[in-house]
Amino acid sequence: MALTEIQKQKFLEISGMKYEGNEMKGQFSTQRAYNDDKWKEHSPWIFTYVIEPDSGNLICELEHRMTNNRIFGWDKDGNDLSTEITEKYFKPHW
């Protein structure tokens with residue numbers, strides 16, 4: 001299942017990295033959280049993602065040891081997903 005162009009754009013906007021390949025889930029460190037170079041001055045964020053095989057929904061978590069995690073999700077058209085869907089994969093850390 002490939003991401004749509006809008007989902008690839010959302011992936012880049014949050015992780016600072018382009019989605020390349022066909023992996024349905026993954027995790028990596030990024031020093032470009034929110035695709036912003038200012039984060040290169042700080043410790044990296046952990047970006048984790050899941051693509052639901054049936055729906056094609058993209059669900060992501062951006063996490064840093066110094067702050068609460070951020071959870072995002074978009075359908076194939078780029079619409080935000082409900083917390084009911086995103087929290088199947090990632091729970092807020094308060």
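Here, residue 1 is the first one in the sequence, and each next residue gets the next number.
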Closest non-hydrogen atom pair between [X] and [Y], with its separation:
X	Y	value
Ala33	Leu62	CB-CD2, 4.0 Å
His64	Ser43	NE2-OG, 2.8 Å
Phe11	Met17	CD2-O, 3.2 Å
Asp75	Leu81	N-CD2, 3.7 Å
Ile85	Asn57	CG2-ND2, 4.2 Å
Cys60	Phe90	C-CE1, 3.9 Å

- Message: To the nearest 0.5 Å, what is the distance between CD1 on Ile59 and NZ on Lys25?
- Response: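 Answer for the CD1-NZ pair, Ile59 versus Lys25, is 12.5 Å.
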- Once you round to the nearest 0.5 Å, how far does NZ of Lys76 lie from CG of Leu3?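 So the NZ of Lys76 and the CG of Leu3 are separated by 9.5 Å.
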- Message: Show me the pairs that pass salt bridge (Lys or Arg N to Asp or Glu O under 4.0 Å) and involve residues 58-67, at least two apart or across chains.
- Response: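 Matches after skipping sequence neighbours: none remain.
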- Out of Gln7, Gln9, Lys8, which residue meets the side-chain contact (heavy atoms from CB on, under 4.5 Å) rule with Glu5?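 Only match with Glu5 under side-chain contact (heavy atoms from CB on, under 4.5 Å): Lys8.
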- Task: Please list, chain by chain and in numerical order, all residues satisfying ring pair (Phe, Tyr, Trp, His ring centres under 6.0 Å) with Tyr34, sequence neighbours excluded.
- Result: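 Scan of Tyr34 (ring pair (Phe, Tyr, Trp, His ring centres under 6.0 Å), adjacent residues dropped) gives none.
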- Ignoring hydrogens and geometry, is there a side-chain-to-backbone donor-acceptor pair from Asp77 to Asn79 under 3.5 Å?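 Looks like no, no N/O pair under 3.5 Å.
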- Task: Could you tell me whether the side chain of Ser29 and the main chain of Ile46 form a donor-acceptor pair under 3.5 Å?
- Result: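 Checked: no pair found.
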- Other than Leu12, which residues form its hydrophobic cluster under the rule that side-chain heavy atoms must be closer than 4.5 Å?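 So far as hydrophobic clustering goes, Leu12 is joined with none.
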- Task: Check which hydrophobic residues are tied to Met66 through side-chain heavy-atom contacts below 4.5 Å, counting indirect links as well, and list them.
- Result: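 None; Met66 is a cluster of one.
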- Would you check, one step at a time, whether the test side chain to side chain contact (heavy atoms under 4.5 Å, CB included) holds for Asn69 with Trp45? CA-CA 10 Å; Asn69 65 330; Trp45 293 70; over 6 Å; no
- Query: How are the rings of Tyr49 and Tyr19 set relative to one another: parallel (under 30°), tilted (30 to 60°) or perpendicular (over 60°)?
  - Reply: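 Answer is perpendicular, since the angle exceeds 60°.
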- With Lys38 via side chain to side chain contact (heavy atoms under 4.5 Å, CB included) - residues at least two apart: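 Counting only residues at least two positions away or on another chain, Lys38 forms a side chain to side chain contact (heavy atoms under 4.5 Å, CB included) with Asp36.
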- Item | side chain to side chain donor-acceptor pair (under 3.5 Å) contacts touching residues 82-92 (sequence neighbours left out) |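 Pairs touching residues 82-92 that pass the test: Glu52-Tyr89.
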